[in-house]
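Start at 1 with the first residue, then count along the sequence. Each ligand, and each atom within it, is numbered from 1 in the order the structure gives.
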Amino acid sequence: MAGFLKSSRLLLRKTTDLRVYTPRRNRVKEKWAATRVKHPPTRLALQHFDATYGAQLGELWPSVRVALLTEKKYGALLNNFSIESSIADLQAQRCRDFISNRYGGGMFLFTLCDVADYLRSVYPSFVSVAEPSEVGAEKQTREADADDQQMSPPPLSPNIKCFVFPRGDVTRFKPARPDKHGLLGYYLMDAASVLPCLALNVQQGHTVLDLCAAPGGKTLALLQTQLIRFLCVNDASVSRTSRLKKVLHSYVPKQFLTDEQLRVTSFDGTKWGEIERNTFDRVLVDVPCTTDRHSLLEDDNNIFSRSRMGERRRLPQLQVELLLAGIQAACPGGEIVYSTCSLSLNQNLSVVEQAVYLAQENFGIQLQVVNLRGLTKLFGDTFCFAPDLRLGEMVVPHLAANFGPIYLCKLRRLT
Ligand code: SAM
């Protein structure tokens with residue numbers, strides 16, 4: 001009996017050790033990829049941002065991080081084409097148009113003084129990576145502009161209205177209602193996304209190119225000016241271009257969407273310089289980027305997924321090519337606004353620096369960086385801007401004003 005118990009215990013121990021009883025030919029070597037902990041893309045994005053923005057923003061990063069991980073605030077871009085104005089409705093909800101209703105008094109400084117001071121001390125050091133020639137060009141412009149333009153309001157595209165809830169108020173907008181012609185009263189978007197359109201300074205009779213336009217929020221903002229003679233709207237993605245067309249039809253009457261006034265295309269924007277050079281008065285280059293907020297909150301279609309790693313690494317190169325194409329498409333004297341919704345230095349300042357350098361080297365195009373400091377002064381009560389960014393301006397997310405990130409830089413073609 002004792003012998004039987006001993007042998008059955010032995011058998012039990014052996015059967016629990018599967019390797020012993022799996023025939024050698026059926027054994028499978030454990031693969032590292034199968035056993036590795038799988039992180040969702042949102043987690044990978046957070047790890048990446050912690051490493052890069054932690055170093056870039058220093059002590060400010062935790063507060064930006066919290067804001068990025070929290071529901072963002074929207075703005076309601078008013079549709080001037082809708083015959084039933086939504087203004088009264090929006091005002092009744094305590095919203096204000098941050099553009100015409102600006103205080104312009106002071107920067108967004110209420111509890112951010114310490115943050116601003118901190119940023120002021122950090123930014124000059126972390127943006128000291130440019131090529132000497134590029135820095136020189138930019139510095140010259142800055143110095144020339146410094147005294148007179150530093151705080152004077154820059155010329156803005158007129159007629160654009162965007163309503164926001166007061167600071168700290170996180171009420172959501174109701175969905176926009178259609179008027180009797182089926183046109184919606186407003187378009188919900190990150191209010192900071194309107195800034196590149198304002199900075200583009202669209203004026204009567206201008207020809208405008210929106211190089212990466214879908215889904216169309218900024219196109220819609222540009223159309224609100226009702227001043228554009230010809231608007232060319234492009235996006236490489238055919239499906240996103242179809243979405244853009246639907247947006248246009250929901251907001252703009254047919255008579256403004258004729259071939260004489262509007263062209264919608266799906267070309268690779270990097271090739272634009274080969275298609276149409278020296279043509280447009282204004283060019284908006286709102287490039288694909290790491291879309292920081294989306295990357296932290298949505299696993300679907302996330303640029304941090306392992307399958308899109310190559311695409312993500314190639315982003316800065318694509319951005320340079322797109323900006324360079326936009327610069328070539330603008331006419332001499334024309335203006336170009338480059339924008340992203342990322343905090344990344346590599347996708348913002350470095351891209352502008354490289355494109356300015358390459359435009360001069362490869363095409364003999366001289367550019368001036370247009371000072372947008374006045375813009376930050378004007379809208380400093382609505383958005384939290386990173387102070388003293390060496391090139392361009394950036395809206396930094398903050399819990400009390402949870403817009404952005406949006407980076408914008410304006411260039412003027414001198415030749
Ligand atoms: N401006 C748009 C708006 O306000 O709704 C958002 C543009 S989104 C940030 C970037 C867009 O660039 C995407 O729709 C993407 O399809 C497009 N894109 C990516 N690569 C492109 C390329 N090579 N040429 C043109 N568009 C491109």
Side-chain angles (χ1 to χ4, degrees), residues 72 74-77 79 157 160 162 186-200 202 208-225 231-248 250-252 263-276 280 282-295 298 301-303 308 310-329 336-344 347-348 351 355 394-395 403-409:
K72 71 173 173 186
Y74 280 91
L77 173 74
N79 186 14
S157 306
I160 301 176
C162 184
Y186 51 80
Y187 180 86
L188 296 183
M189 63 197 291
D190 186 328
S193 293
V194 176
L195 296 178
C197 306
L198 287 171
L200 200 58
V202 169
V208 181
L209 168 64
D210 188 353
L211 193 60
C212 309
K218 295 187 189 70
T219 308
L220 214 50
L222 293 172
L223 281 167
Q224 297 309 313
T225 61
L231 175 63
C232 187
V233 183
N234 179 70
D235 196 283
S237 158
V238 176
S239 59
R240 284 172 70 89
T241 310
S242 321
R243 210 173 126 198
L244 181 147
K245 283 182 186 162
K246 281 191 193 128
V247 169
L248 291 180
S250 308
Y251 286 87
V252 186
R263 185 172 75 199
V264 184
T265 54
S266 279
F267 296 134
D268 174 358
T270 62
K271 305 277 186 282
W272 207 276
E274 295 163 24
I275 308 171
E276 220 166 17
F280 295 93
R282 299 288 183 264
V283 181
L284 179 63
V285 187
D286 185 41
V287 294
C289 65
T290 43
T291 51
D292 294 358
R293 208 180 265 279
H294 174 86
S295 296
E298 298 278 336
N301 193 27
N302 191 313
I303 191 106
R308 296 184 68 191
E311 187 188 340
R312 178 162 60 84
R313 293 212 171 122
R314 285 191 298 274
L315 270 178
Q317 182 56 34
L318 173 63
Q319 291 160 343
V320 171
E321 288 176 28
L322 284 166
L323 179 52
L324 210 47
I327 289 168
Q328 288 175 271
I336 303 111
V337 171
Y338 173 80
S339 57
T340 74
C341 47
S342 169
L343 295 166
S344 160
Q347 297 175 57
N348 296 334
V351 167
M394 185 156 70
V395 174
F403 302 108
I406 291 289
Y407 172 81
L408 64 154
C409 185

Taking only heavy atoms of S237 into account, list the atoms of ligand 1 that are under 4.0 Å away from them. 16 (O)

Please list, in number order, the atoms of ligand 1 under 4.0 Å from a heavy atom of A213. 1 (N), 2 (C), 3 (C), 5 (O)

Heavy-atom side-chain proximity of W272 to T265 below 4.5 angstrom: yes

Under-4.0 Å salt bridge between E311 and R308: yes

Side chain of T340, backbone of N348: donor and acceptor closer than 3.5 Å? no

Atoms in ligand 1 flagged as close to P215, the criterion being non-hydrogen separation under 4.0 Å: 5 (O)

Near G269, which atoms of ligand 1 are under 4.0 Å from a heavy atom of that residue? 22 (C), 23 (N), 24 (N), 25 (C)

Does some non-hydrogen atom of T340 fall short of 4.0 Å from ligand 1? no

Note the single closest protein heavy atom to atom 1 (N) of ligand 1, along with its residue, its atom name and the distance in Å. D286 OD2, 2.7 Å

Could you check atom 21 (C) of ligand 1 against the protein and tell me its nearest heavy-atom contact, residue, atom and distance included? A236 CB, 3.5 Å

Shortest non-hydrogen contact between Y187 and G216, atoms and distance: OH-C, 4.5 Å

Here the pair of heavy atoms bringing L248 nearest to V264 is CD1-CG2, 4.4 Å

Short N or O distance, D210 and ligand 1, threshold 3.5 Å exclusive: no

Just let me know how R240 lines up against ligand 1, side chain, backbone, both or neither, with a heavy-atom cut-off below 4.0 Å. side chain

Which part of T291 is near ligand 1, with near meaning a heavy atom under 4.0 Å away: side chain, backbone, both or neither? neither

